[in-house]
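Worksheet: one structure, shown below.
These numbers come from the heavy atoms of this one structure, side chains and all, not from hydrogens, waters or symmetry mates. What you see is a predicted model; the values in this text were computed from it and never measured. Naming convention: chains lettered A, B, ... in sequence-line order (proteins, then strands); numbering from 1 in each chain.
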Amino acid sequence: MHTMNTMLDAAFFRHPVLTVAEELIGKHLVVRGASHMITEVEAYDGPQDLACHASRGRTKRTEPMFGPSGHWYVYLCYGMYWMLNIVTGEEGYPAAVLIRGIRGHCGPGKLTRALGINGQFNALPAIRSTGLWVEDRGERIDVERIRRTPRIGVAYAGEWAAKPYRFVLE
DNA sequence: ACGATGATGAAC
DNA sequence: TTCATCATCGTA
């Protein structure tokens with residue numbers, strides 16, 4: 001039996017960021033005709049989350065996170081690495097999932113470099129016509145294979161640094 | 001352990 | 001306009 005590849009749309013992403021983050025494990029990032037299984041993500045959850053950029057308010061940079069779900073939030077980190085995030089939840093509530101790993105590439109800065117993803121995708125919707133989207137390719141991921149840990153590189157975020165908002169496929 | 005490398009946001 | 005800070009990574 002053949003399974004259709006389904007593009008994940010805005011409705012898929014219009015849910016609590018922790019829910020979307022876990023469900024993104026095992027889905028596929030599609031760019032330039034190639035698909036890559038997502039193996040590691042982190043959730044950033046709203047203005048109260050001190051590790052979330054939006055906790056410092058609505059600014060030019062964080063604007064996409066306040067927009068509708070299913071759009072990309074891409075920003076430059078440490079002057080060298082592009083971080084790829086997908087906006088989740090209701091419009092007006094700033095939350096996003098950082099794509100930290102795909103099969104064959106570990107690390108958020110390495111995967112964007114390998115796939116040629118940069119700021120050109122910021123604020124664009126994750127649909128076929130933009131050239132960067134997410135698909136369910138019918139792979140079943142047992143939740144037992146998903147490990148939760150604190151997020152990486154956010155030690156400054158007080159109690160929020162310890163929350164298990166990182167999801168990794170074993 | 002540290003430097004590369006530049007945008008960001010807050011302070012001044 | 002300056003300044004500290006950074007959701008990282010390669011090299012040592």
Identify the heavy atoms of A:G46 and A:C52 that sit nearest to each other, and give their distance.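 Heavy-atom minimum between the residues: O-CB, 3.7 Å.
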Mind listing the closest non-hydrogen atom pair of A:L111 and A:I99 along with its distance?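 Heavy-atom minimum between the residues: CD2-O, 3.5 Å.
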Provide a list of protein-nucleic acid N or O atom pairs under 3.5 angstrom, restricted to nucleotides 1-4 of chain C.
none

For the pair made of [atom1] in [X] and [atom2] in [N], what is the distance, rounded to whole Å?
X      : N      : atom1 : atom2 : result
A:L50  : C:dT5  : CG    : P     : 16 Å
A:R113 : C:dG10 : CZ    : P     : 8 Å
A:I117 : C:dT8  : CD1   : C1'   : 16 Å
A:I152 : C:dC9  : CD1   : P     : 10 Å
A:R151 : C:dT8  : CZ    : P     : 12 Å
A:E40  : C:dC9  : CD    : C1'   : 14 Å

For nucleotides 7-12 of chain B, 5' to 3', base contacts (B), sugar-phosphate-only contacts (S) and non-contacts (-) with protein non-hydrogen atoms under 4.0 Å give -SSS--
Nearest-0.5 Å distance, [atom1] of residue [X] to [atom2] of residue [Y]:
X      : Y     : atom1 : atom2 : result
A:T6   : A:F12 : OG1   : CZ    : 11.0 Å
A:D136 : A:N5  : CG    : CG    : 8.0 Å
A:N122 : A:R61 : CG    : CZ    : 10.5 Å

For residues 17-31 of chain A, tabulate all N or O donor-acceptor pairs below 3.5 Å that involve a side-chain atom, not counting sequence neighbours.
| from | atom 1 | to | atom 2 | distance (Å) |
| --- | --- | --- | --- | --- |
| A:K27 | NZ | A:E23 | O | 2.8 |
| A:H28 | NE2 | A:E139 | OE2 | 3.3 |

For nucleotides 1-3 of chain B, give me every protein contact, N/O to N/O, under 3.5 Å, one pair per line with atom names.
none

Could you list all the side chain to side chain donor-acceptor pair (under 3.5 Å) pairs where at least one residue sits in residues 84-99 of chain A, not counting sequence neighbours?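 Matches after skipping sequence neighbours: A:D45-A:Y93, A:Q48-A:Y93.
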Could you give all pairs that pass the side chain to side chain donor-acceptor pair (under 3.5 Å) test and reach residues 67-82 of chain A, with sequence neighbours left out?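 Qualifying pairs: A:H53-A:Y73.
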Does the pair A:L169 and A:M37 meet the rule for a side-chain contact (heavy atoms from CB on, under 4.5 Å), with working shown? CA-CA 10 Å; A:L169 183 61; A:M37 184 189 280; 4.1 Å; yes
Run the salt-bridge test on A:E135 and A:R128 with the 4.0 Å N-O cut-off and return the result as yes or no. yes
Salt-bridge contact A:D9-A:R14 (side-chain N to carboxylate O under 4.0 Å): no
Enumerate the residues from residues 89-112 of chain A whose closest heavy atom to DNA chain B is under 4.0 Å, giving them by residue number; use none for an empty result. none
Answer yes or no for this row: A:Y78 ring on B:dG6 base, centroids under 5.5 Å, planes under 30°. no
Salt bridge (charged side-chain N to carboxylate O under 4.0 Å, His left out) pairs, two or more places apart, involving residues 154-170 of chain A: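 Every salt bridge (charged side-chain N to carboxylate O under 4.0 Å, His left out) pair that includes a residue of residues 154-170 of chain A, provided the two are not neighbours, is A:E40-A:R166, A:R147-A:E170.
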Can you run down the salt bridge (charged side-chain N to carboxylate O under 4.0 Å, His left out) pairs that involve residues 63-73 of chain A, sequence neighbours left out, and say none if there aren't any? A:R58-A:E63
Shared hydrophobic cluster, A:I86 / A:L124 (ILVMFWY, side-chain heavy atoms < 4.5 Å): yes
Whether A:R56 side chain and A:L50 backbone form a donor-acceptor pair below 3.5 Å: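 Side chain of A:R56 to backbone of A:L50: a pair is present.
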Any donor-acceptor N/O pair, A:T62 side chain to A:G57 backbone, under 3.5 Å: yes
Under a 3.5 Å cutoff on both atom distances, Watson-Crick or G-U, what's the dot-bracket for DNA chain C ([ ] crossing, | other strand)? ||||||.||||.
Enumerate the residues from residues 155-170 of chain A whose closest heavy atom to DNA chain C is under 4.0 Å, giving them by residue number; use none for an empty result. A:Y156
Residues passing the side chain to side chain donor-acceptor pair (under 3.5 Å) test with A:N118, sequence neighbours excluded, are A:Q120
